[in-house]
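Comments concern the structure below.
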Amino acid sequence: MSTEKPSPAILFDIDGTLVDSNYLHVHAWLRAFDEEGLPVSSWRIHRCIGMDGTTLVRTLAEDAGQDVLDRLKDGHSRFYKENSALLAPLPGARDLLRWVALKGLQVVLATSAPEDELAMLRKVLDCDDIVSAVTSSKDVDTAKPKPDIVEVALDRAGVSAQDAVFVGDAVWDCEAARRAGVPSIAVLSGGVSRGELLEAGASDVFEDPGDLLAKLGVTQIDELAARLSASR
């Protein structure tokens with residue numbers, strides 16, 4: 001049995017970080033709320049993207065009963081699938097993942113997306129051959145901003161918080177990583193401002209995965225790669 005220590009891991013959120021999906025989620029939630037006769041402005045929905053579905057619904061429809069909450073989540077899923085053909089990798093996403101893998105670091109998809117949505121996102125990314133571990137909504141009761149999904153991702157990768165970096169696009173990503181003791185890097189491709197991401201705990205903020213890839217030399221990701229290389 002091998003006792004070799006697992007390589008450091010880069011934990012990636014997917015929605016808004018690797019795949020251009022956040023605004024499809026906003027549209028799907030908007031239609032779901034409208035179907036229930038609950039007026040919610042798009043900007044309020046956008047501010048909640050990155051939360052798990054249950055937390056989002058309870059935040060935007062506090063007084064709704066469980067039956068309404070369930071219909072809202074089902075409606076979102078239905079409308080999201082209708083527009084799934086519009087899903088596309090964000091610029092540089094695939095190249096970033098392949099660089100991480102080439103350096104010997106683990107590529108971990110640390111998402112709280114439901115299994116059906118995750119399957120669509122993984123198909124769009126087309127990088128399963130280099131992914132070491134994956135999480136989904138079934139792994140936790142409550143997702144971001146609670147740290148649970150990050151902790152599950154660390155466990156799947158077999159590494160400690162000191163041997164990982166989280167990459168996300170939402171304040172909820174950065175807060176979850178901070179609570180788990182994992183440094184985070186953020187991208188603007190989810191539609192959240194640089195200032196908010198930094199305030200939430202991001203060590204640095206880049207335009208999108210391509211911009212991050214071009215500037216990896218100044219990040220903790222490159223530090224982990226260099227540490228791994230020196231240990232071999």
Side-chain angles (χ1 to χ4, degrees), residues 5-22 49-50 88-111 121 125-127 129-135 144-145 147 149-151 153-154 156-232:
K5 182 180 178 181
S7 298
I10 312 304
L11 316 180
F12 290 95
D13 173 62
I14 306 179
D15 282 304
T17 301
L18 299 174
V19 176
D20 193 4
S21 57
N22 279 13
I49 296 299
L90 282 156
R94 289 171 178 157
D95 290 338
L96 174 60
L97 296 184
R98 295 200 177 280
W99 185 95
V100 168
L102 183 64
K103 292 297 181 178
L105 301 170
Q106 295 188 71
V107 174
V108 179
L109 303 182
T111 177
L121 295 170
L125 275 176
D126 191 26
C127 286
D129 58 308
I130 56 169
V131 172
S132 298
V134 183
T135 67
K144 306 164 192 170
I149 204 74
V150 181
E151 293 167 350
L154 292 173
R156 295 257 166 95
V159 300
S160 66
Q162 291 70 39
D163 288 320
V165 174
F166 191 96
V167 182
D169 68 292
V171 294
W172 321 115
D173 295 325
C174 300
E175 289 181 9
R178 177 175 52 79
R179 294 181 186 186
V182 178
S184 65
I185 294 170
V187 288
L188 296 172
S189 43
V192 179
S193 73
R194 184 181 303 273
E196 288 176 294
L197 293 166
L198 290 171
E199 185 177 350
S203 62
D204 210 341
V205 181
F206 300 88
E207 291 284 328
D208 56 26
D211 186 41
L212 172 55
L213 177 60
K215 300 170 182 174
L216 275 173
V218 299
T219 70
Q220 294 133 315
I221 295 177
D222 191 62
E223 291 175 12
L224 284 182
R227 189 200 312 169
L228 177 62
S229 178
S231 70
R232 289 178 168 174

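We count residues from 1, following the sequence as given.
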Given side chains that start at C-beta, do those of [X] and [Y] come closer than 4.5 Å, heavy atoms only?
X	Y	result
F206	L213	no
N22	D15	yes
V131	L125	no

Calculate, to the nearest 0.5 Å, the distance between atoms [atom1] and [atom2] belonging to [X] and [Y] respectively.
X	Y	atom1	atom2	answer
T135	L154	OG1	CG	10.5 Å
D126	L121	CG	CG	13.0 Å
L102	D95	CG	CG	11.5 Å
I185	D204	CD1	CG	7.0 Å
W172	D13	CH2	CG	13.5 Å

Would you name the heavy atoms of [X] and [Y] that are closest together and state the gap between them?
X	Y	answer
L228	G104	CD2-O, 3.4 Å
L188	S193	CD2-C, 4.0 Å
R179	P147	CB-CB, 3.8 Å
L18	A93	O-CB, 3.3 Å
S189	P209	OG-CD, 4.2 Å
C174	A186	SG-CB, 4.2 Å

Has the side chain of R194 got a donor or acceptor atom that lies under 3.5 Å from a matching backbone atom of V205? yes

Could you tell me whether the side chain of S203 and the main chain of S184 form a donor-acceptor pair under 3.5 Å? yes

Tell me, please, which residues at least two apart from P6 pass side chain to side chain contact (heavy atoms under 4.5 Å, CB included). Q106, V159

Can you pull out every salt bridge (Lys or Arg N to Asp or Glu O under 4.0 Å) where at least one residue sits in residues 161-170? Sequence neighbours excluded, please. K5-D163, D163-R227

Exactly one of D173, V108, L97 clears side chain to side chain contact (heavy atoms under 4.5 Å, CB included) with F12, and that residue is L97

Please identify which of these residues, L212, V107, I10, I221, meets the side chain to side chain contact (heavy atoms under 4.5 Å, CB included) condition with W99. I221

Could you walk me through whether L96 and L216 pass the side-chain contact (heavy atoms from CB on, under 4.5 Å) check? CA-CA 9 Å; L96 174 60; L216 275 173; 4.0 Å; yes

For D129, enumerate each residue passing the side-chain hydrogen bond (donor to acceptor under 3.5 Å, both in side chains) test, keeping only those at least two apart in sequence or located in another chain. R98

